[in-house]
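These values consider heavy atoms only, across backbone and side chains, with no hydrogens, waters or symmetry-generated copies.
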Amino acid sequence: GELTIVVPAARCRHLGGGSLDRRSRRAQRHAVSGHLRVVGGGWRTPVVLGLAVGQVLREGGGVDRLQGVAEGWADWRRRGLRCPDRCVLDVRTRSPLRP
């Protein structure tokens, strides 16, 4: 599986929209697949998808962005529906963090 390491002391400056318009189909797709990887699926999957659809509707996004939600879900499914218990680690202790 994939590994995510949490570094509490890390700081970075985000350049919003620097490489991708956040209201694009591609951005929606990657956001949904990324959120699903973080939460690990299960009962949280419909919550993530519902929130993503709600965001698109609230922001006045069109069918294109809704398709991005579906594509993000499909991308996540192809990766194996996984975020194992040990995929998020505390960098100080190297121990798993549970959501």
Side-chain angles (χ1 to χ4, degrees):
E2 297 171 13
L3 177 70
T4 301
I5 298 175
V6 176
V7 183
R11 298 289 179 261
C12 64
R13 191 171 293 148
H14 178 67
L15 299 174
S19 60
L20 191 60
D21 178 5
R22 77 172 206 81
R23 291 181 183 237
S24 71
R25 177 178 179 167
R26 246 179 104 209
Q28 196 71 50
R29 175 183 187 164
H30 294 297
V32 168
S33 66
H35 286 114
L36 287 169
R37 273 185 283 149
V38 169
V39 302
W43 65 268
R44 294 174 182 100
T45 300
V47 174
V48 169
L49 295 175
L51 289 170
V53 167
Q55 177 186 19
V56 170
L57 296 175
R58 183 180 49 111
E59 293 177 354
V63 173
D64 197 45
R65 274 186 65 201
L66 289 173
Q67 288 174 327
V69 172
E71 291 168 353
W73 177 70
D75 289 347
W76 174 74
R77 297 247 334 150
R78 275 192 291 277
R79 289 190 176 121
L81 294 171
R82 72 189 186 290
C83 185
D85 287 345
R86 301 184 69 90
C87 72
V88 178
L89 300 177
D90 184 319
V91 73
R92 292 168 295 187
T93 64
R94 303 287 295 172
S95 63
L97 296 174
R98 298 198 184 268

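Nearest heavy-atom pair across Thr45 and Leu36 is CA-CD2, 3.8 Å. Considering all non-hydrogen atoms of both residues, Val69 and Ala52 come closest at CG2-CB, 4.0 Å. Taking all atoms of both residues into account, the shortest heavy-atom contact from Ser33 to Asp75 is CB-CB, 4.2 Å.
Each of Val47 and Val56 belongs to its own hydrophobic cluster when Ile, Leu, Val, Met, Phe, Trp and Tyr are linked at side-chain heavy-atom distances under 4.5 angstrom.
Among pairs with a residue in residues 52-62, those fulfilling salt bridge (charged side-chain N to carboxylate O under 4.0 Å, His left out) read Arg22-Glu59, Glu59-Arg65, at least two apart in sequence or across chains.
To the nearest 0.5 angstrom, Glu71 atom CD is 11.0 Å from Arg26 atom CZ.
Checking each of Gln28, Arg29, Arg25 against Gln67 for a side chain to side chain contact (heavy atoms under 4.5 Å, CB included) leaves exactly one that passes, namely Arg25.
In terms of the side chain to side chain contact (heavy atoms under 4.5 Å, CB included) criterion, residue partners of Ala31 (sequence neighbours excluded) are, by chain and number, His35.
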